[in-house]
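Being a predicted model, the structure only gives us computed values, none of them experimental. Labels below follow one simple rule: chain letters A, B, ... track the order of the sequence lines, proteins then strands, and each chain is numbered from 1. Computation of the quantities below employed the complete heavy-atom set of this structure, encompassing side-chain atoms and omitting hydrogens, waters and symmetry-equivalent molecules.
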Protein chains: 2
Amino acid sequence: MASRLSHIAKISDFLRKHKLSVTESRKQILKLFIEQPGALAHADIEKKTGERFDRVTIYRTLQTFLEKGIIHSIPTSDNSVLYALCKENCSEGRHVDHHIHFICTICQNTYCLDETNTPDIKLPKGYRLNRLEVVAEGTCKNCI
Amino acid sequence: MASRLSHIAKISDFLRKHKLSVTESRKQILKLFIEQPGALAHADIEKKTGERFDRVTIYRTLQTFLEKGIIHSIPTSDNSVLYALCKENCSEGRHVDHHIHFICTICQNTYCLDETNTPDIKLPKGYRLNRLEVVAEGTCKNCI
DNA sequence: TTAATTTTGCAACATAGTTGCTTTTAGATA
DNA sequence: TATCTAAAAGCAACTATGTTGCAAAATTAA
C-alpha cells in the first residue's frame, strides 16, 4: 500500500500493534484518515463510508483511536470537532502535538501543518503553560 | 458604576449606543460579562441569571452581542463555546482580536490575556493567513 | 397614551453525542 | 476447522445543545 504516512504500512498490522481487533469499521475509518489530506468530522466519516456503519460505532471508533494516540482532535471556531491522524511520536494517553492547524475558508478543509511548529508564547507573570493550540484561518495553497 | 472595563460606563447607554433596545435580559447578561473576570458559556449565563430568562432569549442575546461586536466567542478543546467581552476597538462585523485565550485546568476558567498578543506565524509557501486563534492551557495565577 | 416595532417566551424541531443492552464478529483454543 | 469467549457493532432510547416560527409582552417612537 502506498501510504501517505510512512509509519502506517499495513492497516491490519497497524491496528494489531495498538492491541485493537481488526474490524471492518476500524479498517475503513483508518483508511479514510490515511487517504484524506485534511481533517475529518464525524459527519464526513459517516458519508464517506457510505453510511454502512452506525453513528455510535463511528463515535466509539473515534474515541478508541483518540485514546490509542492514533488520531487527535482539533477544535474549530464554529465549534465542531475534527479529527486527524497523529504522527508516530504520539502514543496512548500522551499526544505530542507541536504543529498548528489551518482552516481554509474557501474549501473548508482543515490541515495539520506539520512543518509549522507552535510558537513560543510568553505568558503574564503567574501563569503556567501546559499545552498550546494554534488555529490559523485563511486560504490554502490549493485555493489561493 | 465602577466598571472593570473603562469603555462601558453605563449599561443602558452602552446598549443604546449600539442601537439595541434596553431590555432586562440584555442588561443582566451584559452586567454578568462586566463583573466576570473570565469567559462565560451559555449554561453559565443561564445559571448566573437564576434561570429567569428563556434559553432561546440567551442564545439570541449572545448572537446579537456577537454581531454588534460587544462580545467575541472562544473555541475550546472540549468543543464548547465561550463568550467574553470585546475591547473598544471591536465594532459591528469586525472583531479585532489580537490577544490569546488561556484555560486554567484547575479552576476551569477561561481568560482573555489582553497583555499577550498573538505571535507572528510563518506559514508554508502558498498559504495566506487571515485570522489566528491561540488557546493556551495550564494553571492560572490564582490556582498556581 | 397609543401605535408600531422589537424582543421575549413557548412549542416544536433538529443535530450531536451518550448509555444500556442484545446480537454479531473476531481472535484464541482445541 | 469447529467451538468458545471476549470484544465490538447495532439498535433504541435518552440527554444536551442549538434553531425556527409564532403569539404575547415589552420597548420605543409619535
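Nearest heavy-atom pair, A:Lys141 versus B:Lys125, reported as atom, atom and distance to 0.1 Å: CB-O, 4.2 Å.
Remark: P of C:dT18 and CD1 of A:Ile58 are 13 Å apart, rounded to the nearest angstrom. The OH atom of B:Tyr83 sits 11 Å away from the C1' atom of D:dT17 (whole-angstrom rounding). Following rounding to the nearest Å, B:Tyr59 (OH) and C:dA14 (C1') show an atom-to-atom distance of 13 Å. Rounded to an integer number of Å, the gap from NZ of A:Lys68 to C1' of D:dA8 is 14 Å. Separating the CD atom of B:Gln63 from the P atom of C:dT7 is a distance of 13 Å, rounded to the nearest angstrom. The distance between atom CD of A:Glu51 and atom C1' of D:dC11, rounded to the nearest whole Å, is 16 Å. Nucleotide D:dT19 holds its C1' atom 14 Å from the CG atom of B:Leu62, rounded to whole Å. Note: NZ (B:Lys27) to C1' (C:dT8) measures 15 Å, nearest angstrom.
Residues B:Tyr127 and A:Phe102 have side chains in contact (heavy-atom distance under 4.5 Å, counting atoms from C-beta outward). Contact of the A:Arg52 side chain with the A:Glu24 side chain is registered, since non-hydrogen atoms from C-beta on lie closer than 4.5 Å. Residues B:Val81 and B:Ile74 form no side-chain contact, since every pair of their non-hydrogen atoms from C-beta on lies 4.5 Å or further apart.
A:Arg55 comes within 4.0 angstrom of a nucleotide base, judged by non-hydrogen atoms across all strands. Within 4.0 Å of B:Ser25, counting heavy atoms only, lie sugar-phosphate atoms of the nucleic acid but no base atom.
Relative to the side chain of A:Leu20, the nucleotides D:dA8, D:dA9, C:dG9 differ in distance, and D:dA8 lies closest. When each of C:dG17, C:dG9, D:dG10 is scored by its nearest atom to the side-chain atoms of B:Asp54, the top-ranked nucleotide is C:dG9. Closest to the A:Val81 side chain, of the nucleotides C:dG17, D:dG10, C:dG9, is C:dG17. For B:Thr23, the listed nucleotide lying nearest its side chain is D:dT27; candidates were D:dC11, C:dA26, D:dT27.
Taking hydrophobic clusters as Ile, Leu, Val, Met, Phe, Trp and Tyr residues chained together by side-chain heavy-atom distances below 4.5 Å, B:Leu113 shares a cluster with B:Ile121.
The shortest distance between the side-chain N/O atoms of A:Thr57 and the OP1/OP2 oxygens of D:dG10 is below 4.0 Å.
Contact of B:Arg60 with C:dG9 (side chain to base): a donor-acceptor pair of N or O atoms is detected under 3.5 Å.
The nearest heavy atom of DNA chain C to B:Ser21 and to B:Val56 marks one nucleotide each, and the one closer to the 5' end goes with B:Ser21. Two residues, B:Ser80 and B:Arg16, neighbour DNA chain D, and the one matched to the more 5' nucleotide by heavy-atom proximity is B:Ser80.
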